[in-house]
Amino acid sequence: MVSIVCDVYNHEPYLRDCLEGFVKQVVDFPYEIIIHDDCSTDKSAEIIKEYVAKYPHLFKPFYQKVNQYSQGVSIWGALQFPRAEGKYIAICEGDDYWTDSHKLQKQIEILEADSSLMCCCTDQSIVDKHGNILKEKNGNVVVGSKQGRYNLRDFFRDQHQYPTLSMVFRNTNMGEVLKKFAHTRNKFLGDWTFWIILLCYGDMYYLDEVTCAYRINPTSITHTVNRVERAKASREICRKVADILPEEYSDIAADLRKTNWVWISLIFAYKAEKRYFGMLGSFIMAAILCPKSLWRTIKGALTKSKNK
């Protein structure tokens with residue numbers, strides 16, 4: 001019924017938490033764990049082999065002898081999703097973990113009850129590298145954390161942030177999905193583009209429960225990329241996303257191709273890196289090219305500050 005896709009690279013300190021979350025799922029259907037170790041230099045592979053020996057009916061491992069990510073290979077698109085035999089696919093990286101043993105059962109029941117839904121996600125907690133809870137509930141997946149179904153227009157209008165480690169989606173139209181994923185592939189916003197691609201084929205159901213924990217891993221790609229570089233790259237990423245949107249979202253595609261709002265992202269990126277001349281220049285460009293968006297951002301920041 002479900003293929004759990006797990007990518008591992010040097011996740012030794014965290015991997016047991018991840019794998020325990022998989023094997024402790026209480027479900028009334030069969031599932032498989034497709035785990036890929038990308039030539040880890042620590043003891044990640046040894047830990048995987050330990051679990052494979054203990055749960056041979058669950059695990060389908062693959063151990064690389066050469067790191068594939070550094071060779072430019074798409075781990076999801078080329079190596080993991082094509083191996084998935086389940087009706088549904090769930091995702092969790094080796095440094096994150098699931099905290100609810102009924103997570104899969106709850107999400108599959110929702111998806112099985114409504115064939116028009118493409119995917120289902122939940123909320124997450126935030127933990128540090130030691131597993132200490134920094135935030136019990138992320139709380140900003142959808143506006144107001146209101147449980148229910150959401151479409152692609154909702155996603156763009158309200159700037160949804162779906163926790164990828166909570167995601168379960170239908171293993172359908174995968175040939176088309178992977179083509180679109182390849183077209184929009186990038187090293188900065190892979191999750192974001194994938195959510196959009198899924199929403200091209202059906203709605204998302206948001207279950208307002210915390211079922212997993214996202215780990216702030218200081219050595220992960222997410223936390224080591226240059227913020228300014230990522231903000232600048234988002235121009236091209238948005239244009240590629242515009243290419244794959246269905247015709248009924250042509251208005252959104254047109255907005256994505258303009259990408260003037262990227263200047264606002266650059267303001268915050270330069271600020272985070274304390275590059276204040278760049279921050280000032282981006283502010284001036286935002287004021288010229290997208291004044292309404294800039295004002296909404298300022299107003300939102302002032303309101304948030306006031307509420308604190």
Side-chain angles (χ1 to χ4, degrees), residues 1-7 18 21-22 25 27 29-36 60 74-94 96-98 100 102-124 138 141-142 147-156 158 160-186 189-212 214 241 244-246 249:
M1 181 66 82
V2 181
S3 297
I4 301 172
V5 168
C6 181
D7 301 336
C18 177
F22 297 160
Q25 288 298 299
V27 295
F29 51 78
Y31 65 96
E32 62 179 1
I33 303 167
I34 301 176
I35 191 162
H36 175 271
K60 294 184 177 180
S74 171
I75 305 300
W76 281 356
L79 303 175
Q80 287 286 68
F81 292 162
R83 291 204 296 147
E85 297 181 3
K87 182 178 180 180
Y88 299 94
I89 294 176
I91 302 174
C92 186
E93 302 291 290
D96 300 322
Y97 58 99
W98 295 347
D100 184 345
H102 296 277
K103 174 190 182 295
L104 286 183
Q105 184 71 40
K106 293 173 182 177
Q107 291 178 281
I108 294 303
E109 287 179 359
I110 290 170
L111 291 168
E112 284 285 280
D114 188 345
S115 61
S116 68
L117 292 170
M118 179 63 179
C119 38
C120 178
C121 74
T122 74
D123 206 341
Q124 64 184 2
N138 203 30
V141 179
V142 300
Q147 183 165 307
R149 66 185 301 146
Y150 296 88
N151 59 29
L152 189 55
R153 200 166 292 279
D154 297 322
F155 175 86
F156 282 109
D158 299 323
H160 289 177
Q161 295 291 320
Y162 302 138
T164 299
L165 72 155
S166 79
M167 189 77 74
V168 178
F169 59 94
R170 295 185 189 276
N171 189 5
T172 57
N173 302 304
M174 194 51 62
E176 296 176 22
V177 168
L178 292 181
K179 283 182 181 178
K180 291 179 179 179
F181 190 53
H183 178 72
T184 60
R185 189 178 172 218
N186 65 92
L189 296 170
D191 291 3
W192 184 75
T193 58
F194 193 68
W195 303 332
I196 293 168
I197 292 167
L198 291 180
L199 287 170
C200 288
Y201 296 93
D203 293 348
M204 165 75 73
Y205 191 92
Y206 170 62
L207 177 63
D208 188 28
E209 297 181 17
V210 173
T211 67
C212 47
Y214 175 77
V241 167
I244 59 95
L245 293 184
Y249 299 105

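One is the number of the first residue; the rest follow in order along the sequence.
Side chain to side chain, Tyr205 and Asp203 fail the donor-acceptor criterion of an N or O pair below 3.5 Å.
Aromatic ring centres of Phe181 and Phe194: separated by under 6.0 Å. Taking the six-membered ring where the residue is Trp, the centroids of Phe155 and Tyr162 are separated by under 6.0 Å.
In this view, Gln161 and Trp195 satisfy the side chain to side chain contact (heavy atoms under 4.5 Å, CB included) rule, not counting sequence neighbours. Residues meeting the salt bridge (Lys or Arg N to Asp or Glu O under 4.0 Å) test with Glu112, sequence neighbours left out: Lys87.
The shortest distance between side-chain heavy atoms of Asn138 and Tyr214 does not fall below 4.5 Å. With a 4.5 Å cut-off on side-chain heavy atoms, Cys200 and Glu176 do not count as touching. Considering only heavy atoms from C-beta on, Leu245 comes within 4.5 Å of Leu152 through its side chain. Taking 4.5 Å as the limit, every side-chain heavy atom of Tyr201 sits out of range of all side-chain heavy atoms of Thr172. Considering only heavy atoms from C-beta on, Phe22 comes within 4.5 Å of Cys6 through its side chain. Val177 is not listed as a side-chain neighbour of Phe169, based on a closest heavy-atom distance of 4.5 Å or more. At a threshold of 4.5 Å between non-hydrogen side-chain atoms, the residues Leu199 and Met204 count as touching. A heavy-atom distance below 4.5 Å is not found between the side chains of Ile196 and Thr184.
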- Message: Under the criterion side chain to side chain contact (heavy atoms under 4.5 Å, CB included), I'd like the reasoning laid out for Lys106 against Asp100: C-alpha separation, chi angles, the key distance, then a yes or no.
- Response: CA-CA 10 Å; Lys106 293 173 182 177; Asp100 184 345; 2.6 Å; yes
- Would Cys212 and Thr122 satisfy side chain to side chain contact (heavy atoms under 4.5 Å, CB included), going step by step from the backbone distance to the final call? CA-CA 8 Å; Cys212 47; Thr122 74; 4.1 Å; yes
- Can you list the steps and then say if Ile91 with Trp76 is a side chain to side chain contact (heavy atoms under 4.5 Å, CB included)? CA-CA 10 Å; Ile91 302 174; Trp76 281 356; 3.7 Å; yes
- Using the side chain to side chain contact (heavy atoms under 4.5 Å, CB included) rule, take Tyr88 and Ile108 through it: C-alpha gap first, then chi angles, then the decisive distance, then the call. CA-CA 8 Å; Tyr88 299 94; Ile108 294 303; 3.6 Å; yes
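For the atom pair CD of Gln25 and CD1 of Ile4, the computed distance is 6.5 Å after rounding to the nearest 0.5 Å. Rounding to the nearest 0.5 Å places CD of Gln124 at 8.5 Å from OG1 of Thr164. To the nearest 0.5 angstrom, Arg83 atom CZ is 11.5 Å from Ile89 atom CD1. To the nearest 0.5 angstrom, Gln105 atom CD is 11.0 Å from Ile110 atom CD1. Rounding to the nearest 0.5 angstrom, the gap separating the NZ atom in Lys60 from the OG atom in Ser3 is 7.0 Å. The line from CD of Gln80 to CD1 of Ile35 is 8.5 Å long, rounded to the nearest 0.5 Å.
Between the side chain of Asp114 and the main chain of Ser116, a donor-acceptor pair closer than 3.5 Å is present. Under a 3.5 Å cut-off, the side chain of Glu32 and the backbone N or O of Glu85 do form a donor-acceptor pair. Looking only at distances, a side-chain donor or acceptor of Gln107 sits under 3.5 Å from a matching main-chain atom of Ser166.
Contact detail for Val2 and Ala90: the closest heavy-atom pair is CG1-CB, 4.1 Å. Closest approach of Asn171 and Ala84 over heavy atoms only: ND2-O, 3.3 Å. The minimum heavy-atom distance between Val141 and Cys121, with the atom names listed, is CG1-SG, 4.2 Å. The two residues Leu165 and Lys103 make their nearest non-hydrogen contact at O-CE, 3.8 Å. The heavy-atom pair separating Leu79 from His36 by the smallest distance is CD1-NE2, 3.5 Å. Of all the heavy atoms in Arg170 and Ser115, the pair that sits closest is NH2-CA, 3.3 Å.
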